[in-house]
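Single-structure report; data block below.
Counting convention: from 1, in listed order, for ligands and their atoms alike.
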Amino acid sequence: MEVRNFVDGALETTAQVLENVAPGTGEVYGTIPRSGKVEVDRAMAAAKRAFPGWAATPAAKRAACLERLADAVRDHADMLALAEARDNGKPVSLAAQVDIPRAEKNLRFYASGIQHFASQSHAMEGVAINYTLRKPLGVVACISPWNLPLYLFTWKVAPALAAGNCVVAKPSELTPVTAYLLSTWISDAGFPPGVFNVLHGLGPEVGEAMVTHPDIAAVSFTGGTATGARIAGHVAPQFKKMSLELGGKNPAIVFADADFEDALKTTLRSSFANQGQICLCGSRILVERPLYAKFRDALVAKASAMVAGDPLDSTTKFGAVVSEAHMNKILGHIAKAREEGGRVLCGGVRLHPKGVEQGFYVAPTIIEGLGPQCATNQEEIFGPVVTLQPFDTEEEALALANDTTYGLAATLWTTNLKRAHRVAAGIDSGIVWVNTWLLRDLRTPFGGVKSSGLGREGGFEAFEFFTEPQNICIQLSSSSS
Ligand code: NDP
């Protein structure tokens, strides 16, 4: 598969290309453009030219373009799910049930949302009326990671476009294919040339050229905390808007009064779904001491029974991690955990599933015996690796949960209603799930605190990010004394 850029309404290649590797097999199966400043300059110029026309297009017409793009995603859902599984290593069943339907929903949700988005007015009785215009920003950069490729790509571009901005977007170079396929349907969906541009290549090259471009009005970025800090260093001094959705080290707190089977089943999922490569996965499992041994043994038994397999096989539930480099990074974290004195209760090794022996597979791994301050409990691993820690009191659970520089999400298991509210409010994170995990309502604010990011996306929060408020004050009488 030859991935191409989409600039000013046309698909194009670059002089240099990069290899695209399928993590499930380890094989090179395509090429992607190696874009840089030249491509960014051209995409930016096209987007700038297109902006006045797109900003003046009625919201209902912009929404219709997004709806047609959503139709294309729906019509090609099977093909997109297979493409995502091959490109990312995730099980095709997961891509078909979660990633691709959610990409379609993102497009439709923001197509509908912009037609319900209203701004405020403030009456100064008898004196004046103030109202707030929400104006599109201009050309915005949307940069997304490899873990949920089309899901997070559409999560950004849909509200940006709906709000009247032109977009220069870049998916991760590790997983470019579904964003490329989407870009082949942009013109047919009715977007004028230049409104929606998609560039491919390396983050430090094309991504860096995007976020340092003087004409970029805002940057919406999802990815690692170190990259987010680097981007903020470029964007903040130019006083451009930025939204940063970054890493996490999320706690899952299990009280002894939890519904055991529900907590167990869901914690298995929150630990190992997408091979642990979801920013919302719970990686530090804190269990109240009376339940600790029972919960640990049951979780280890279930994790040990998980079978890794070819992502393209429809029966596979646990696939490959995204790349060889990422696999080695995860295995390095496990080695470090051992050095720190951690007991690896299951997994801890690379796997070579039958038929796809050369792919990049790491066994579901559970580690105990480590204190809260060790690197394993502080650094984001972003793979199928979780730790277990016991706690004795609610206060201790909260202290452990908050003992991290991150603050993205948390999961809490208890049947005590008062405690659920108390502990949820005490956790420093953008999201807390009580007796569930990854239950998402697209209207809710999404984002993290501390090193997990800056700002919120989701629902109308995304429109607030992608628009600039302007207050207009109209005096109602001729004198204003
Ligand atoms: P990276 O930070 O490495 O990359 C994210 C995106 O940024 C990619 O498209 C990457 O391009 C690009 N990029 C890299 N360097 C630069 C740069 N200097 N300037 C501009 N863009 C750049 O993250 P990963 O792709 O490894 O994603 C995993 C991380 O994302 C984890 O930390 C995870 O927690 C976080 N994440 C956060 C979520 C949230 O909502 N808070 C959701 C999902 C993931 P390329 O890959 O081509 O180099």
How close does the nearest protein non-hydrogen atom get to atom 12 (C) of ligand 1, and which residue and atom is it?
Ile143 CG2, 3.7 Å

Residue and atom name of the nearest protein heavy atom (relative to atom 19 (N) of ligand 1), distance in Å to one decimal
Glu208 N, 3.4 Å

Nearest non-hydrogen contact with atom 9 (O) of ligand 1 belongs to which option: Gly203, Ser144, Cys142, Cys279?
Ser144

The atoms of ligand 1 lying under 4.0 Å from a heavy atom of Arg230, numbered in the order shown, are 18 (N)

Leu246, any N or O under 3.5 Å of ligand 1 N or O
yes

Any Lys/Arg nitrogen of Lys90 or Glu84 sitting under 4.0 Å from an Asp/Glu carboxylate oxygen of the other?
no

Which is closest to atom 5 (C) of ligand 1 in terms of heavy atoms, Asn250, Ile431, Thr222, Thr227?
Thr222

From Leu150 atom CG to Leu107 atom CG, the distance as rounded to the nearest 0.5 Å:
7.5 Å

Heavy-atom proximity to atom 47 (O) of ligand 1 ranks first, among Glu173, Lys329, His234, for Glu173

Has Glu340 got a side-chain atom pairing as donor or acceptor with Leu370's backbone, closer than 3.5 angstrom?
no

Trp146, Phe446, Phe153, Tyr151: member with heavy atom nearest to atom 24 (P) of ligand 1
Trp146

Atom 23 (O) of ligand 1 [closest protein heavy-atom partner, distance rounded to 0.1 Å]:
Gly224 N, 3.2 Å

Assess Leu408 for proximity to ligand 1: is some non-hydrogen atom of it under 4.0 Å away?
yes

With under 30° as parallel and over 60° as perpendicular, where do the rings of Trp437 and Trp433 fit, or are they tilted in between?
perpendicular

Tell me whether the count of non-hydrogen atoms from other residues, nucleotides or ligands lying under 6.0 Å of NZ in Lys450 goes above 12.
yes

Non-hydrogen atoms of Gly201 versus ligand 1: any pair closer than 4.0 Å?
yes

Looking only at atom types and distance, does a side-chain atom of Thr365 sit under 3.5 Å from a main-chain N or O of Gly348, one as donor and one as acceptor?
yes

Within the structure, is a non-hydrogen atom of Val206 found at a distance of less than 4.0 Å from ligand 1?
no

Aromatic ring centroids of Phe196 and Trp54 under 6.0 Å?
no

Among all protein heavy atoms in this structure, tell me which lies nearest to atom 7 (O) of ligand 1, with the distance rounded to 0.1 Å.
Phe221 CE1, 3.1 Å

Distance-only polar pair, side chains of Asp262 and Asn435, donor-acceptor under 3.5 Å:
no

Identify the closest protein heavy atom to atom 27 (O) of ligand 1: which residue and atom is it, and at what distance?
Pro145 CB, 3.3 Å

Ion pair check, Arg108 and Glu67, cut-off under 4.0 Å
yes

Shortest reach to atom 4 (O) of ligand 1 by a heavy atom, considering only Gly453, Cys281, Gly223, Ala229:
Gly223

Starting from atom 46 (O) of ligand 1, locate the nearest protein heavy atom and write down its residue, its atom name and how far away it is, to 0.1 Å.
Ser172 OG, 2.8 Å

Atom 34 (O) of ligand 1 sits nearest the protein heavy atom Glu380 OE2, 2.5 Å

Nearest protein heavy atom to atom 28 (C) of ligand 1, by residue and atom, and its distance?
Phe382 CE2, 3.5 Å

Atoms in ligand 1 with a heavy atom of Glu245 nearer than 4.0 Å
37 (C), 39 (C), 40 (O), 41 (N)

Quick one: does any side-chain atom of Gln378 pair with a main-chain N or O of Pro372 as donor and acceptor, under 3.5 Å?
yes

For Gln275, which of Pro364, Pro23, Pro91 qualifies under side chain to side chain contact (heavy atoms under 4.5 Å, CB included)?
Pro91

Atoms of ligand 1, numbered as shown, that sit under 4.0 Å from any heavy atom of Leu152:
42 (C), 43 (C)

Kindly identify the option in Leu148, Asn147, Ile381 whose heavy atom sits closest to atom 43 (C) of ligand 1.
Asn147

Tell me yes or no: between the side chains of Lys156 and Ser220, is some donor less than 3.5 Å from an acceptor?
yes

I'd like to know if the side chain of Arg86 and the backbone of Leu312 have a donor-acceptor N/O pair within less than 3.5 Å.
no

